[in-house]
Asker: 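Dropping the structure in here first, questions after.
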Number of protein chains: 2
Amino acid sequence: MEGKSISQAMLRRLPLYLNVLRSRPASQPTISATALAAELGMGEVLVRKDLALICGKGRPRIGYSVQDLTAAITTFLRYDAIDEAVIVGAGKLGRALLAFDGYNEFGLNVHAAFDTLVNEAETTPGGKQVLPMSELEAYCVSHNIGIGVLAVPASAAQQACDRMVACGISAVMNFAPVHLNVPEGIVVQNENFAAALALLSKMPRSSRPAHETR
Amino acid sequence: MEGKSISQAMLRRLPLYLNVLRSRPASQPTISATALAAELGMGEVLVRKDLALICGKGRPRIGYSVQDLTAAITTFLRYDAIDEAVIVGAGKLGRALLAFDGYNEFGLNVHAAFDTLVNEAETTPGGKQVLPMSELEAYCVSHNIGIGVLAVPASAAQQACDRMVACGISAVMNFAPVHLNVPEGIVVQNENFAAALALLSKMPRSSRPAHETR
DNA sequence: ATTTTATCGATATATCTTTATCGAATAAGC
DNA sequence: GCTTATTCGATAAAGATATATCGATAAAAT
């Protein structure tokens, strides 16, 4: 069996590490867990524990090689292997997501958006296409789409999700604030603005030390 | 001491409950924790524990009053009390966030966006303004802005954050993938696409039961 | 060469979060 | 009215996650 435990929480931290590493000047070829922890405002022991699971040993008094560490995290997260993706739902949110231009940084290639209200192909100012929903199946199959970004209203989410799954999509990023029922083996990642804002409004503002989440 | 523990994780679930409640037909005046749990794909004990902390007791064999529960969650999350907000950073992401139109549903009023690259006020198709960064201070003070949405590049994030804090903002929703240092009493909520995608790419696709996060 | 100091890695502990179990309560059916 | 099924609420157990402690290591300073 796998002795290593791949913690959910740790997976969320890896991109943060990667970002710090990328922002380091080339003049500093190594970085310590202590420095990483300080920059991210977290405990240094936790950083070491995370790094221990994905890369070789660090050197006392020196730390880790920035280059090696970057490579290790990148491959671990498969940021080097491109995943093909589409957006389903071309309302305001869907189009905003389509216009966003930084996906390739973390190994995602967002092709196009699909919407039931669109009858013939449009091209956005950003140069990407918005296509009728009826073309989803053919497109996904021919372009080997593996990831679907779901940006439809809550009422249409489950149906749209089913359709994506039927097209061979194996991971869904869900922006609709509903629970999606999916077959075994399909991953759902919820990205919920409402939830995030709930925390903002409700978190204690003063009494406690300012604390950062995620 | 506060006997109740206000769990981070629970705060993220409350909006989900609220959404289920809102989608219920008026013909069903009550709902059981079991039903809520089933709809959200989670354990029913957890739902009961959450509800126990924010509302009155449920009735055996019946459940909770949909109306009372909705009211309890709404007030608990302060969705009834409007928070005034601005967006800092009017690049693609910032403008997309400005165009998004569902904020009022959860008690947020997004006024305008600010950007250093903008020299005179623009008005977006959605009817909201994009203003020069130099006007941030005056605007925040005169409109009593309490929440700032940070949508600038990573390199400018800390500086922009400092400026927001100086304007009296007490909560920051951070879309930049960096750690923000803030004074005591300021809340930071990170919303990180990269982290979300990391999970999507890396999560085991088949072996395990499909599992939903957040 | 020796001491000092920053850092690592491992083990143990604490904290937070979720799930499991059980008796009590109460509406519905008989 | 009595039984039955469903649901609640509380306690206990399990699991996941983060922190604290400590000896070992190796670069830097003396």
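Below, read A as the first sequence line, B as the second, and so on, with proteins coming before strands; counting in each chain starts at 1.
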Asker: Could you state the CE-P distance from A:Met10 to D:dT19, rounded to the nearest angstrom?
Answerer: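 Checked: the CE to P distance equals 16 Å.
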Asker: Heavy atoms from C-beta onward define the side chain here; which of D:dT17, D:dG9, C:dT7 lies closest to that of A:Gln8?
Answerer: D:dT17
Asker: Measure the CG-CZ distance between B:Leu93 and A:Phe100 for me, rounded to the nearest 0.5 Å.
Answerer: 6.0 Å
Asker: Taking NZ, NE, NH1 and NH2 as the nitrogens, is one of them in B:Arg78 or B:Asp83 under 4.0 Å from a carboxylate oxygen of the other?
Answerer: no
Asker: Pick the closest DNA chain D nucleotide for A:Pro60 and for B:Ala33 by heavy atoms, then say which residue is nearer the 5' end.
Answerer: B:Ala33
Asker: Round to a whole Å and report the spacing from CG of A:Leu36 to P of C:dA6.
Answerer: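 Going from A:Leu36 (CG) to C:dA6 (P), I get 18 Å.
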Asker: Let me know the distance between CG of A:Leu69 and P of C:dT7, rounded to the nearest Å.
Answerer: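 Spelled out: CG on A:Leu69 to P on C:dT7 is 15 Å.
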Asker: Please state how far atom CG in B:Asp68 lies from atom C1' in D:dC8, giving the value in whole angstrom units.
Answerer: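 Atom CG in B:Asp68 sits about 16 Å away from atom C1' in D:dC8.
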Asker: Closest nucleotide of DNA chain D for A:Arg13 versus for A:Ile62: which of these residues is on the 5' side?
Answerer: A:Arg13
Asker: Of all the nucleotides listed (C:dC8, C:dT17, D:dG9), which has the minimum atom distance to the side chain of B:Ala9?
Answerer: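 In terms of side-chain proximity for B:Ala9, the closest of C:dC8, C:dT17, D:dG9 is C:dT17.
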Asker: When you check the phosphate oxygens OP1 and OP2 of C:dC8, does a side-chain N or O of A:Arg59 lie under 4.0 Å from one of them?
Answerer: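 Negative; the distance criterion is not met.
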Asker: Which nucleotide wins on minimum distance to the side chain of B:Thr34, given the candidates D:dC8, C:dT19, C:dA12?
Answerer: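 Side chain of B:Thr34 sits closest to D:dC8.
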Asker: Find the distance B:Glu44:CD to D:dA10:P and express it as a whole number of Å.
Answerer: 16 Å
Asker: Drop me the distance from A:Leu51's CG to A:Lys57's NZ, to the nearest 0.5 angstrom.
Answerer: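 Rounded to the nearest 0.5 Å, the CG-NZ separation comes out at 13.5 Å.
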Asker: Does OP1 or OP2 of D:dT17 have a side-chain N or O of A:Ser7 closer than 4.0 Å?
Answerer: yes
Asker: Indicate yes or no for a side-chain donor-acceptor contact from A:Gln158 to the backbone of A:Asn181 under 3.5 Å, with no hydrogens or angles considered.
Answerer: yes
Asker: From NZ of B:Lys49 over to P of C:dT21, roughly how many Å is that when rounded to an integer?
Answerer: 16 Å
Asker: Is a side-chain donor or acceptor of A:Asn174 paired with a backbone partner of A:Gln189 at a separation under 3.5 angstrom?
Answerer: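 Not at all, since once roles are kept as given, no pair shorter than 3.5 Å links the two residues.
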Asker: Would you mind telling me which of D:dC8, C:dC8, C:dT17 lies closest to the side-chain atoms of A:Tyr64?
Answerer: C:dC8
Asker: Ignoring hydrogens and angles, are the base of C:dT5 and the side chain of A:Arg61 linked by a donor-acceptor pair under 3.5 Å?
Answerer: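 Yes.
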Asker: Atom CG of A:Leu14 to atom P of D:dT17: distance rounded to whole Å?
Answerer: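 Checked: the CG to P distance equals 13 Å.
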Asker: Rounded to whole angstroms, how far apart are CZ on A:Arg48 and P on C:dT11?
Answerer: 15 Å
